[in-house]
Amino acid sequence: MVKICCIGAGYVGGPTMAMIALKCPDIEVAVVDISVPRIAAWNSETLPIFEPGLDEVVKTCRGKNLFFSTDVERHVAEADIVFVSVNTPTKTRGLGAGKAADLTYWESAARMIADVSKSDKIVVEKSTVPVKTAEAIEKILSHNNKGVSFQILSNPEFLAEGTAVEDLKAPDRVLIGGRETPAGRQAVEALKAVYAHWVPEDRILTTNLWSAELSKLAANAFLAQRISSINAMSALCEATGADVAEVAYAIGKDSRIGSRFLNASVGFGGSCFQKDILNLVYICECNGLIDVANYWKQVVQINDYQKSRFVQRVVSSMFNTVSGKKVAVLGFAFKKDTGDTRETPAIDVCNGLLGDKALLSIYDPQVTEQQIRRDLSMNKFDWDHPQHLQPLNLNDSVNSVQVVKDAYEATKDAHGLCILTEWDEFRKLDYQKIYDQMQKPAFVFDGRNVTNVEELRKIGFIVYSIGKPLDAWVKDLPSSA
Ligand code: UDX
Ligand code: UDX
Ligand code: ADP
């Protein structure tokens, strides 16, 4: 029986390994992590991540050919294939601070693999890493254990949160990069055989190591670029009276452009986009490609612009001050159908409003109060460390934050309401009821274009929705953004 071990039981490692176990009954899969509570949660009724459909997959395989354990060294020693899916935070100090990937966790995993290995192993990069990481890892492995042969593969994961199970079941493609040597090719074939249990052969692409590593950064940069492009257009739509949804629909009909990933929003979030682009920018700079670096930097800059533009709209609409005013925040996760808040635009928007002394009442169907408070008090870039190592230093502004159990409680007596995640339930709220219990004039700031602007205006709300024709109220403000 082939044995697989995955180091890192996070958003990527957990679901990916669960799907391999489901589709490959002849393979034994162990997912290991240094975080005791995380592993305990994977072994409990309440999984550590919310992902539609994942519970059933895990329940079907757990205890049969899928195991979650903190006994990292034993499972690594026994495995034929070791996936590494640990955190790769952005460096906060030293060379490349604010851009380069911090490979501390990767390096410690590689050293541990070298220490405990007694049999040949295929080591697979699963977490996104800078191009040429495989080379560094190869060196660590081979210099620290000369008796064992290691083959390094890059097999980046393209799943999106909220749809992870569907994405894993029927991926657009699986990408495997390896060394172009006989042993390298053999390792690629071994990993290909795992995916071939359920993925059609023509969807399993094989490349050299560097192409695979770069493709992951490039894919995320291209996706994020589409969002920044439509978000840039949303500002122009507001200035001209065009409707960004109509523009997106019209351009998306061009088969060369395509309709997906053209939803204007308050900004993209998630653990990958910003981090991967900053990483790409750093790699370009290191290679002297300053123009290329500047080109991609703009994607992140427009995203920051979009978030601060939103805050400015809120503040300027509400008579240039939100000081002491209750503002309801609906949605805190970085997108719907996940409880993940990593790099969510809600953090920047909430901090912007708190900076203007607003009193926030936040509701999200999946994010816990503890997580929200942690996020609002965390320094930039500190989020991507194993959770038990994340600093927790709650600051004063957090006293201005209330976390509540539903949208109606959040909006009671509020002056304004901001929608920051596109949860389906926000489309179906009783907005008349909400209007009746809010202070007047009552404002809606829809950062996800989930509401029916015309209907809300009929009820009496003053509405700002990203990239939509402005309410006369907002348009006539002297300082409108
Ligand atoms: C373009 C638009 O495609 C068309 O919809 C619009 O109405 C007019 O402008 P056109 O300029 O005729 O049409 O040709 P197009 O095929 O878009 O190519 C434009 C340029 O981009 C060419 O120089 C082409 O060589 C180049 N190109 C195109 C690339 O370098 N790479 C590509 O992948 C595609
Ligand atoms: C992304 C990539 O899609 C995935 O392939 C990669 O493996 C990891 O990064 P993820 O971050 O989970 O996945 O979610 P995604 O659906 O890509 O959304 C990212 C952010 O962009 C979210 O904040 C989302 O709300 C936002 N978004 C997405 C928009 O604002 N508009 C869109 O049209 C699409
Ligand atoms: P991703 O979204 O890429 O899956 P996560 O942060 O959700 O990232 O998961 C990464 C996991 O890796 C965390 O649960 C963390 O505890 C774990 N981890 C980090 N370093 C190590 C290590 N050296 N050994 C085992 N697990 C590790």
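Read the numbers this way: they start at 1 and go in the same order the structure lists the ligands and their atoms.
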Peer 1: For side-chain contact (heavy atoms from CB on, under 4.5 Å), just list the numbers for V174 and L205, CA-CA rounded to whole Å, side-chain angles, deciding distance to a tenth of an Å, and then say yes or no.
Peer 2: CA-CA 6 Å; V174 167; L205 317 182; over 6 Å; no
Peer 1: Could you list the atoms of ligand 2 found under 4.0 angstrom from a heavy atom of K216?
Peer 2: 6 (C), 7 (O)
Peer 1: Ion pair present between E238 and R309, side-chain N to carboxylate O less than 4.0 angstrom?
Peer 2: yes
Peer 1: With distance as the sole test, does W42 use its side chain to make a donor-acceptor pair with the main-chain N or O of P48 at under 3.5 Å?
Peer 2: no
Peer 1: Taking only Lys NZ, Arg NE, NH1 and NH2, and the carboxylate oxygens of Asp or Glu, determine whether E422 and R427 approach each other closer than 4.0 Å.
Peer 2: no
Peer 1: Please tabulate, for the side chains in residues 110-119, all donor-acceptor contacts under 3.5 angstrom to protein atoms that are two or more places apart in sequence or on a different chain.
Peer 2:
residue: R111; atom: NE; partner: E107; partner atom: OE2; Å: 3.0
residue: R111; atom: NH2; partner: E107; partner atom: OE2; Å: 2.8
residue: S117; atom: OG; partner: I113; partner atom: O; Å: 2.6
residue: S119; atom: OG; partner: K121; partner atom: NZ; Å: 3.0

Peer 1: Counting only heavy atoms and a distance below 4.0 Å, can you name the residues contacting ligand 1?
Peer 2: R256
Peer 1: Is the shortest N/O to N/O distance between P345 and ligand 2 below 3.5 Å?
Peer 2: no
Peer 1: At less than 4.0 angstrom from any non-hydrogen atom of S265, what atoms of ligand 2 do you find?
Peer 2: 29 (C), 30 (O)
Peer 1: Taking heavy atoms and a distance under 4.0 Å, where does E343 meet ligand 2: side chain, backbone, both or neither?
Peer 2: neither
Peer 1: If you measure every N or O of V12 against every N or O of ligand 3, does any of those distances drop under 3.5 Å?
Peer 2: yes
Peer 1: Just jot down the ligand 2 atoms closer than 4.0 angstrom to any heavy atom of C272, in number order.
Peer 2: 8 (C), 9 (O)
Peer 1: Hey, what's the ring geometry for F445 with Y464, parallel, tilted or perpendicular (30° and 60° as the breaks)?
Peer 2: tilted
Peer 1: Can you list the steps and then say if V58 with L54 is a side-chain contact (heavy atoms from CB on, under 4.5 Å)?
Peer 2: CA-CA 6 Å; V58 170; L54 184 62; 4.1 Å; yes
Peer 1: Stepwise, does the side-chain contact (heavy atoms from CB on, under 4.5 Å) test hold for S127 with W106?
Peer 2: CA-CA 9 Å; S127 25; W106 239 107; 3.2 Å; yes
Peer 1: Within ligand 2, which atoms have a heavy atom of L262 less than 4.0 Å away?
Peer 2: 33 (O)
Peer 1: Between K468 and D243, does any side-chain N to carboxylate O distance fall below 4.0 Å?
Peer 2: yes
